[in-house]
Structures are given as C-alpha cells and as structure tokens.
Number of protein chains: 2
Amino acid sequence: MSEAQVTAVTREHAGEHADEHEAYCAVEHQLGVLLRRARAFSAEMGREVHPELEPGAYSLLIRIDEVVPARSSDLTEYFGVGKATISRQLKVLEELGLIEREPDPADGRAHLLVLTGEGRQRLAGARSARQERFRAMLGTWDLGDVELLARMLGRFNTLTDSWTEPGRERGRA
Amino acid sequence: MSEAQVTAVTREHAGEHADEHEAYCAVEHQLGVLLRRARAFSAEMGREVHPELEPGAYSLLIRIDEVVPARSSDLTEYFGVGKATISRQLKVLEELGLIEREPDPADGRAHLLVLTGEGRQRLAGARSARQERFRAMLGTWDLGDVELLARMLGRFNTLTDSWTEPGRERGRA
DNA sequence: GATTTATGGTTGCCCAAGGCAACTAGATGG
DNA sequence: CCATCTAGTTGCCTTGGGCAACCATAAATC
C-alpha cells in the first residue's frame with residue numbers, strides 16, 4: 001500500500017472533528033501553490049512539446065479530438081472559460097492548420113471542429129512528449145498513487161464544473 | 001474506507017504494466033482541466049473574500065504570515081515565479097497597507113516583510129471566507145478524501161518545486 | 001582598500017489568457 | 001413578418017508573469 005494511503009487510512013480512524021477544518025485548510029493551501037505555479041508549469045510543458053503549439057492549445061486539441069465533432073460551446077462549457085477566449089484560441093489553431101471549422105449543417109450559426117491530419121499528428125507528438133515529462137516527474141511514485149492523484153483531481157474537477165456554469169458569461173446565466 | 005481509496009487499492013493488484021501509461025495520461029488530463037480553470041477558480045474565490053484583496057494577493061499574504069520575517073526571494077522560490085512578479089504584487093500589498101517592508105538589518109539589499117495589523121485582520125477574514133467556500137465545495141466528501149486530496153496535491157507540488165529552480169529567471173540559472 | 005562579481009529588488013516593456021460588452025448571423029416562436 | 005434567443009466573433013480591458021536592464025549592497029579577489 002502506498003505512502004499516501006497509509007497515512008490517510010490512519011487518520012480516518014482518528015479524530016474526524018477538528019481535523020475537518022485542517023483538511024480544508026490544507027487543500028486550500030496546496031491548491032493555492034499549484035495554481036500559482038500553473039503558468040510556469042504549463043509553459044514548461046508546452047515549450048518542450050512543440051514551440052509552435054502554445055501551452056493552452058494542447059488541452060484544446062485533446063478535447064477536440066476526444067469529442068468529435070466538437071462545437072465551440074462544448075469547449076467553453078468543458079473548460080469553464082468564456083466563449084470569447086475559446087473563439088480566439090480556435091482561430092489560432094485554425095491558422096496553424098491544426099483544426100478545421102466547417103459550418104454545422106444542422107445549425108448555421110455553429111461550427112464543427114475537427115483536427116486536420118497535421119493537427120492529429122502534432123497532437124500525437126505533443127501528447128507523447130508530455131507524457132514523457134509526466135513520467136519523468138511522477139516516475140518515482142507508486143503506480144497506485146499516480147492513479148489516485150488522477151482520480152482525486154478528477155473528482156475535484158467535477159466539483160468545479162458545477163459552479164462553473166453561473167455568472168461571468170460562460171453559462172451566461 | 002472512501003470511494004477513491006477502494007478503487008485505487010483494487011487496481012493496485014491488477015495489471016501494473018499497461019496501466020502506467022494510462023495513469024500518466026489521466027493525471028495529465030485532469031491537471032489540464034484544472035489549470036485551465038485555475039483563473040476562474042481563483043477569481044471566484046477572491047471575489048467573495050474581499051474585493052480589495054485581489055485574487056493573487058491572498059496566497060502571498062498567507063505565505064508572509066507563515067514564515068516571518070519573509071523575504072521577497074523566499075516568496076519567489078516558494079511560488080516558483082520570478083522576482084519581478086512578486087515585487088510588483090508586494091508593492092500593491094504595501095500600498096493597501098496590508099504589509100510593511102522594513103529594510104533587513106542583516107542585509108542592506110533585502111527587505112523583511114511583515115503583515116500589518118490591518119493585513120492580519122483582512123487575512124483572517126479572507127481565510128475564513130475561503131475556507132467556507134471550500135467547505136461548501138468539499139463538504140460532501142469523506143473527510144479522508146479531503147485529506148487525501150490535500151496530501152496528493154502536496155506531493156505533486158513538491159515534485160514541481162524541484163524543476164522550478166532552473167530556467168526562465170526564477171533561480172536565474 | 002579598491003575593484004570585480006554576485007545577489008536582492010525594482011521597473012519598463014512585452015505577451016498570453018481571460019472577462020465583458022457590443023455586435024453579427026442564423027434559429028425559433030408569435 | 002417581427003421579436004427573441006443563441007453561437008461565435010471582435011474590441012477593449014485587466015491580471016499574471018517573463019525578460020532585461022538597472023540600482024544598491026555584499027562578497028570576493030587582488
């Protein structure tokens with residue numbers, strides 16, 4: 001059993017009361033650090049992947065590849081950012097020839113997003129390069145812990161997609 | 001035992017081989033989403049805390065409070081961002097009367113950072129407001145899982161502080 | 001002790017990500 | 001036909017942050 005789990009299980013049988021506050025505190029703290037480093041981190045990743053592929057582009061491509069055919073609004077919802085941002089980034093991706101935007105036959109306002117061959121190729125390259133970086137970082141971890149981290153992040157993310165809808169454009173109230 | 005742990009432990013006894021790739025992939029994916037949402041998240045937090053206290057300021061104050069007396073370079077190292085950024089943000093905090101910068105008696109170049117009474121007060125307010133938000137989000141989780149999330153994030157963060165030193169100013173090579 | 005080099009911080013200039021608002025164009029419903 | 005709604009685009013703004021140049025002090029070397 002991995003380091004993290006042992007500690008967790010131990011604590012679970014201890015005082016579940018005063019610990020709560022401390023636990024929120026700890027999450028808040030670690031998340032604070034992570035988010036502060038977010039940019040540097042993304043940049044670090046992005047740079048090694050492909051200079052032409054800017055940091056933000058990558059996750060966008062991933063998503064477009066995952067859900068075909070994607071629509072702009074899907075992406076805004078998924079990432080919890082405004083459609084303006086997505087629109088601009090898509091424009092760049094299109095100019096780089098990584099995606100194509102064909103008009104949605106079912107809805108004249110919308111566009112369907114697909115990766116071009118070039119896009120798919122670059123994505124594959126970027127993906128493996130990134131995964132290499134992740135392996136380099138997480139390689140010393142227990143496999144279970146890596147999976148655990150992914151799962152915890154995933155669960156946290158689902159929390160945030162609830163409150164991502166209201167307010168400040170995005171879901172547009 | 002919490003949901004997350006059960007799954008992890010189960011998998012740990014399954015195929016530890018092909019899973020590795022998948023695990024890195026998953027971390028990468030979830031982290032991508034999280035980082036994309038980072039801004040919105042911080043903003044959301046910051047706004048409710050105190051309008052006068054901008055999002056980024058909070059974590060800075062926390063750190064300054066934690067390690068007294070703090071020096072600018074401590075903060076740059078801790079957050080993994082350049083000293084320029086920190087310097088600017090400190091200036092704002094000083095103007096808001098939340099911190100004071102007194103010259104370091106031991107080193108004429110450096111400044112020692114301390115929270116003012118006002119700063120300490122605002123920080124306390126902000127802190128509890130934020131924790132309230134975290135409770136609202138994580139409240140449905142098992143206590144063990146909250147602690148686990150904090151721990152996993154913490155471990156991940158320690159990974160990144162290794163590679164935060166080289167390159168792009170920060171550690172200045 | 002004077003000169004070089006290193007270090008802590010500040011500032012100017014730039015970029016990227018994102019929000020908001022105003023707008024266009026197609027869709028829907030009266 | 002007109003009103004309203006919705007998908008995207010674009011202009012303008014703010015934040016966070018990097019880089020480089022710079023200043024002042026410290027250390028090191030001669």
Side-chain angles (χ1 to χ4, degrees), chain A residues 32 35-44 46-47 53-60 69-77 79-95 101-113 164 166-173, chain B residues 32 35-47 51 53-60 69-77 79-95 101-113 164 166-173:
Chain A
L35 296 192
R36 272 250 164 192
R37 292 179 179 171
R39 255 173 235 239
F41 181 79
S42 309
E44 169 79 3
R47 200 166 328 103
L53 212 57
E54 27 197 304
Y58 177 74
S59 50
L60 223 42
R71 265 169 40 260
S72 220
S73 46
D74 296 337
L75 297 174
T76 69
E77 192 185 346
F79 289 115
V81 302
K83 49 186 183 172
T85 304
I86 297 292
S87 170
R88 277 186 281 261
Q89 291 181 344
L90 289 178
K91 189 169 62 175
V92 175
L93 291 185
E94 194 180 25
E95 282 162 1
R101 281 189 285 191
E102 23 182 278
D104 185 343
D107 184 339
R109 300 164 296 179
H111 303 270
L112 298 181
L113 308 165
T164 218
R168 269 173 339 301
E169 193 180 0
R170 288 210 291 275
R172 200 96 189 205
Chain B
L35 296 191
R36 272 251 164 192
R37 291 179 178 172
R39 254 174 235 237
F41 181 78
S42 309
E44 170 79 2
M45 282 289 156
R47 200 166 327 104
L53 213 59
E54 24 194 310
Y58 177 75
S59 52
L60 222 43
R71 264 167 42 258
S72 221
S73 46
D74 296 336
L75 297 174
T76 68
E77 191 185 346
F79 289 115
V81 302
K83 50 188 181 172
T85 304
I86 296 291
S87 169
R88 276 185 282 260
Q89 292 181 344
L90 289 178
K91 189 170 61 175
V92 175
L93 291 184
E94 194 179 25
E95 282 162 2
R101 283 189 284 191
E102 24 182 276
D104 184 342
D107 184 339
R109 300 165 297 180
H111 303 270
L112 298 180
L113 308 165
T164 217
R168 269 175 335 303
E169 193 182 358
R170 291 209 291 275
R172 200 102 191 201

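Chain identifiers are assigned alphabetically (A, B, ...) following the order of the sequence lines, protein sequences preceding nucleic acid strands; residue numbering begins at 1 within each chain.
- In this structure, the side chains of A/Leu113 and A/Leu75 come closer than 4.5 Å at one or more pairs of heavy atoms.
- Looking at which nucleotide of DNA chain D each of B/Ala57 and A/Ser73 is closest to, the 5′-most match is held by A/Ser73.
- Remark: A/Ser59 pairs with B/Arg36 by the side-chain hydrogen bond (donor to acceptor under 3.5 Å, both in side chains) rule, at least two apart or across chains.
- Phosphate proximity of C/dT11 to B/Ser87: absent, as no side-chain N or O sits under 4.0 Å from OP1 or OP2.
- If you check every strand for non-hydrogen atoms under 4.0 Å, A/Asp107 touches sugar and phosphate atoms only.
- In the set C/dG9, D/dT10, D/dA7, C/dG9 carries the atom at the smallest distance from any side-chain atom of B/Arg71.
- Per the geometry, CZ belonging to A/Arg101 stands 15 Å off C1' belonging to C/dA25, to the nearest Å.
- Of the side-chain N and O atoms in A/Lys91, one or more sit less than 4.0 angstrom from OP1 or OP2 of D/dT10.
- Here the OG atom belonging to A/Ser73 is positioned 9.5 Å from the NZ atom belonging to A/Lys83, to the nearest 0.5 angstrom.
- The nearest whole Å value for the distance from the NZ atom in B/Lys83 to the P atom in D/dA24 is 15 Å.
- For the pair A/Glu77 CD and C/dG18 C1', the computed distance is 18 Å after rounding to whole Å.
- As a whole-Å value, the separation of A/Leu75 CG from D/dG8 P is 9 Å.
- Between A/Leu113 atom CG and D/dT9 atom C1' there is a gap of 14 Å when expressed in whole angstrom units.
- Applying the side-chain hydrogen bond (donor to acceptor under 3.5 Å, both in side chains) rule to B/Arg88 yields no partners; only residues at least two apart in sequence or on another chain are considered.
- The listed nucleotides are C/dT11, D/dT9, C/dG9; the one nearest the side chain of B/Ala84 is C/dT11.
- Each of A/Ala106 and A/Thr85 has a nearest nucleotide on DNA chain C; the 5'-most of these lies closest to A/Thr85.
- Whole-Å rounding puts the A/His111 NE2 to C/dA27 P distance at 11 Å.
- For the atom pair CG (A/Leu93) and CZ (A/Arg101), the distance works out to 9.0 Å, reported to the nearest 0.5 Å.
- Side-chain atoms of A/Ala110 lie closest to D/dA7 of the nucleotides C/dG18, C/dA21, D/dA7.
- Secondary structure note: stems in DNA chain D built from 3 or more consecutive Watson-Crick or G-U wobble pairs under 3.5 Å occupy C:1-30 with D:1-30.
- Interatomic distance, CD1 of A/Ile86 versus CG of A/Leu60, reported as 5.0 Å (0.5 Å rounding).
- Pairing each heavy atom of B/Pro69 with each of B/Asp74, the nearest pair is O-OD2, 4.5 Å.
- Qualifying side-chain contact (heavy atoms from CB on, under 4.5 Å) partners for A/Asp104, counting only residues two or more places apart in sequence or in other chains: A/Arg71, A/Ala106, A/Asp107, A/Ala110, A/Leu112.
- A straight line from CZ of B/Arg37 to P of C/dA17 spans 18 Å, rounded to a whole angstrom.
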For nucleotides 13-16 of chain C, list the nitrogen or oxygen atoms of the protein found under 3.5 Å from its nitrogen or oxygen atoms, one pair per line.
unit_1	atom_1	unit_2	atom_2	d
C/dC13	N4	B/Arg88	NH1	3.3

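- Between B/Leu90 atom CG and C/dG9 atom P the separation is 9 Å, expressed in whole Å.
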What N/O pairs connect the protein and nucleotides 4-6 of chain D at under 3.5 Å? Give each pair on its own line.
unit_1	atom_1	unit_2	atom_2	d
D/dT6	O4'	A/Arg109	NH1	3.1
D/dT6	O2	A/Arg109	NH1	2.7

